[in-house]
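Values reported hereafter were calculated over all heavy atoms of this structure, with side chains retained and with hydrogens, waters and symmetry mates removed. This structure is a prediction, so every number in the text was calculated from the model and none was measured. Residues: numbered from 1 along the sequence shown.
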Amino acid sequence: MVASIGPHLERKGRVVTVVNDIPRASAEAANAHERVAELHAVRAQAAGGPSERATEAQHAKGKLTARERIGLLLDPGSFHEVEQLRRHRATGFGLEAKKPYTDGVITGWGTVEGRTVFVYAHDFRIFGGALGEAHATKIHKIMDMAIAAGAPLVSLNDGAGARIQEGVSALAGYGGIFQRNTRASGVIPQISVMLGPCAGGAAYSPALTDFVFMVRETSQMFITGPDVVKAVTGEEITQNGLGGADVHAETSGVAHFAYDDEETCIAEVRYLLSMLPQNNRAYPPCEPCSDPQTRRSEVLLDLVPADGNRPYDMHKVIEEIVDDGDYLEIHERWARNIICALARLNGQVVGIVANQPQALAGVLDIEASEKAARFVQMCDAFNIPIITLLDVPGFLPGVDQEHGGIIRHGAKLLYAYCNATVPRISLILRKAYGGAYIVMDSQSIGADLTYAWPTNEIAVMGAEGAANVIFRRQIAESDDPETTRAQMVKEYKAELMHPYYAAERGLVDDIIDPADTREVLIGALTMLRTKHADVPARKHGNPPQ
């Protein structure tokens, strides 16, 4: 092999020099065959990475190399690398003697199920994946290409932050990434896959993207690490305890998905990409559907109890409605009292927002409002119709919620729905009380179609609470307050909470048989597919924060 040629070599009377173990033929003497051989040797070294020892160390941590990860993400043989031979130009602190190809990040494009996807992957084997000037410039370029081409961008993150030896140049590189993340927001899907450490300002790039994936035990995200936390606050905590996958998937809400291994994680990234459009001017891909459009779901009549105080699992309702019972839940383990999921109806991708009666009775609180608001905004940005399944008793009461800004956070969800121009269909399964009913895409804030099951109860509040307010005097003056209260509750339900009250006033378009839900939703989506909504001319809105 050409790469094995020694440092001092004469080839047919021409001088050949060796730089970084790669033979270089003199410019005046080499022929095309030698140049091509040299090129292949250089590429082989760049593709191989710094050393076998570095690769073994990466594998010993339970982590794949950057190229192995790209191989799992993209269709076989589809990857086109950009600037493979890029090297840094920094000097000082020994950098001038160490100039590996790629500079610690692999960039390029390929396909996922035949559709173009751009990708960059930190190579932890080179400078610990730390970002320097050349490294950042490569990322900037691939981000610009993704925006220009109108295709999704996936970052495979495994880096130690800014390259300290390059100082402020490295920090400026992060600024360029953040600026492009923001410019691409709502234009192309951006997915961050955390496969190693991500500390300090570097964590803000994933936070700016649409979806964050993490792998347990090997990936962490935090602004200040455990050592700094201990020094400042005295608290002792591990890296995973501070910013591991489970922490961000369950507590902080930073991570949308968490998995046990890289292979499963990257496979799920491919699945998510299959449900997203290429950009904000396209529609999500439609797949052939073998699940009959007119399939009735008689089981729905038994899944949802008519008694509003009895819980049930909304996941089972979703499974009965969507194609083949298949859906991808976003933020599955954070704010469990609301469900956000991507699914298909008759092959068309839809976003589903649903209250979960099994968790906090399905109430809206601060975290649920934030979770649903971001999901609604994502669906609206990428032309995904939104279906809202309501069974909501109201907003969660309490001092902590009020002091935490439930008004402000609840307004985020209200703003997101009011601002959305994609097809919007709401279905009231059971309870829909108070302000939460309005916020959850009621007809009054712009839902295109509103349906209800015969078990629906739409009211300002529950009958018991309403009777206590309206008939307070009668109950207090009664000889038998409990009997009077029960009678007043019954009267209130009969007058204002019967299933047809909202339909009689045009606030519900139709009361439907639960078994026909799938067919009704598909028919409505088919009609709304060509929906066009005019929006006011403005630079941008000013949503609640």
Residue that, paired with Val154, satisfies side chain to side chain contact (heavy atoms under 4.5 Å, CB included) out of Ile191, Leu272, Thr209 = Ile191

Applying the side chain to side chain contact (heavy atoms under 4.5 Å, CB included) test to Leu345, which of Asp291, Ile352, Ile522 qualifies?
->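 Per the side chain to side chain contact (heavy atoms under 4.5 Å, CB included) rule, the option paired with Leu345 is Ile522, out of Asp291, Ile352, Ile522.
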
What's the verdict on side-chain contact (heavy atoms from CB on, under 4.5 Å) for Arg518 and Asp323, showing C-alpha distance, side-chain angles and the deciding distance?
-> CA-CA 9 Å; Arg518 173 177 166 82; Asp323 293 352; 2.8 Å; yes

Using the ring of each side chain (for Trp, its six-membered ring), is Tyr120 parallel, tilted or perpendicular to His122, with breaks at 30° and 60°?
->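 Aromatic pair Tyr120/His122 classed perpendicular.
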
Can you tell whether the side chains of [X] and [Y] come within less than 4.0 Å, N to carboxylate O?
X: Asp326; Y: Arg344; value: no
X: Arg35; Y: Glu38; value: yes
X: Glu236; Y: Lys230; value: yes
X: Lys63; Y: Glu262; value: no
X: Asp144; Y: Arg183; value: yes
X: Asp246; Y: Arg216; value: yes

Minimum heavy-atom separation for [X] and [Y], please, with both atom names.
X: Ala203; Y: Met221; value: O-CE, 3.9 Å
X: Gly196; Y: Asp158; value: CA-OD1, 3.3 Å
X: Ala282; Y: Pro277; value: O-CB, 3.7 Å
X: Ala372; Y: Val353; value: CB-CG1, 4.1 Å

Going by the side-chain hydrogen bond (donor to acceptor under 3.5 Å, both in side chains) test, name the single residue among Asp380, Asp441, Thr388 that passes it with Tyr417.
->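 Option passing the side-chain hydrogen bond (donor to acceptor under 3.5 Å, both in side chains) with Tyr417: Thr388.
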
Taking the side chain as C-beta and beyond, is there a heavy-atom pair between [X] and [Y] under 4.5 Å?
X: Lys98; Y: Phe127; value: yes
X: Phe124; Y: Pro197; value: yes
X: Trp334; Y: Thr251; value: no
X: Gln220; Y: Leu242; value: no
X: Asn355; Y: Leu390; value: yes
X: Cys379; Y: Ile386; value: yes
X: Val247; Y: Asn240; value: no
X: Val105; Y: Ile139; value: yes

Just by modelled atom types, is the [Y] backbone N or O under 3.5 Å from a matching donor or acceptor in the [X] side chain?
X: Arg43; Y: Leu39; answer: no
X: Arg180; Y: Lys141; answer: no
X: Lys138; Y: Ile106; answer: no
X: Thr55; Y: Ser51; answer: yes
X: Ser185; Y: Thr182; answer: no
X: Arg69; Y: Leu156; answer: no
X: Lys412; Y: Pro543; answer: no

Listed by chain and number, what are the side chain to side chain contact (heavy atoms under 4.5 Å, CB included) partners of Cys286, not counting sequence neighbours?
-> Gln348

Side chain to side chain contact (heavy atoms under 4.5 Å, CB included) involving Ile366 - partner list, sequence neighbours excluded | Gln401, Ile406, His409

Side chains of [X] and [Y]: donor-acceptor distance under 3.5 Å anywhere?
X: Glu68; Y: His59; result: yes
X: Asn157; Y: Ser155; result: yes
X: Asn337; Y: Asp365; result: yes
X: Glu329; Y: His315; result: yes
X: Asn181; Y: Tyr204; result: no

Distance from Met214 atom CE to Cys198 atom SG, nearest 0.5 Å?
->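 Reported to 0.5 Å precision, the distance equals 8.5 Å.
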
With rounding to the nearest 0.5 Å, note down the distance linking CZ in Phe118 to CD1 in Ile147.
-> 10.5 Å

Decide yes or no on side chain to side chain donor-acceptor pair (under 3.5 Å) for Asp123 and Gln58, but give the supporting numbers first.
-> CA-CA 10 Å; Asp123 191 339; Gln58 181 81 347; over 6 Å; no

Could you walk me through whether Ile384 and Leu276 pass the side-chain contact (heavy atoms from CB on, under 4.5 Å) test, one step at a time?
-> CA-CA 8 Å; Ile384 300 173; Leu276 298 175; 4.2 Å; yes

Side-chain donor/acceptor pairs under 3.5 Å, residues 73-81, sequence neighbours excluded:
residue, atom, partner, partner atom, Å
Asp75, OD1, Glu113, N, 3.0
Asp75, OD1, Arg270, NH1, 3.2
Asp75, OD1, Arg270, NH2, 3.2
Asp75, OD2, Thr111, OG1, 2.8
Asp75, OD2, Glu113, N, 3.0
Asp75, OD2, Gly114, N, 2.9
Ser78, OG, Asp75, O, 2.7
Ser78, OG, Thr111, N, 3.1
Ser78, OG, Thr111, OG1, 3.4
Glu81, OE1, Arg67, NH1, 2.8
Glu81, OE1, Arg67, NH2, 3.2
Glu81, OE1, Gln84, NE2, 3.2
Glu81, OE2, Arg67, NH2, 3.0

More than 12 non-hydrogen atoms from neighbouring residues, nucleotides or ligands closer than 6.0 Å to [atom1] on [X], yes or no?
X: Tyr283; atom1: OH; answer: no
X: Ile407; atom1: CD1; answer: no
X: Arg281; atom1: CZ; answer: no
X: Lys61; atom1: NZ; answer: yes

Would you please test Asn279 and Phe382 for side-chain contact (heavy atoms from CB on, under 4.5 Å) and show each step?
-> CA-CA 7 Å; Asn279 53 63; Phe382 295 118; 5.8 Å; no

Apply the test side chain to side chain donor-acceptor pair (under 3.5 Å) to residues Asp391 and Gln356: give CA-CA distance (whole Å), side-chain angles for both, the deciding distance (0.1 Å), then the verdict.
-> CA-CA 8 Å; Asp391 191 346; Gln356 171 58 298; over 6 Å; no

When you look at Ile177 and Leu131, which way does the side-chain contact (heavy atoms from CB on, under 4.5 Å) test go after all the steps?
-> CA-CA 11 Å; Ile177 293 173; Leu131 181 139; 3.6 Å; yes

For Tyr101, is the NZ or CZ atom of Arg86 found under 6.0 angstrom from the centre of its six-membered ring and inside 45 degrees of the ring axis?
->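 No - Arg86 does not lie over the ring of Tyr101 by the 6.0 Å and 45° rule.
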
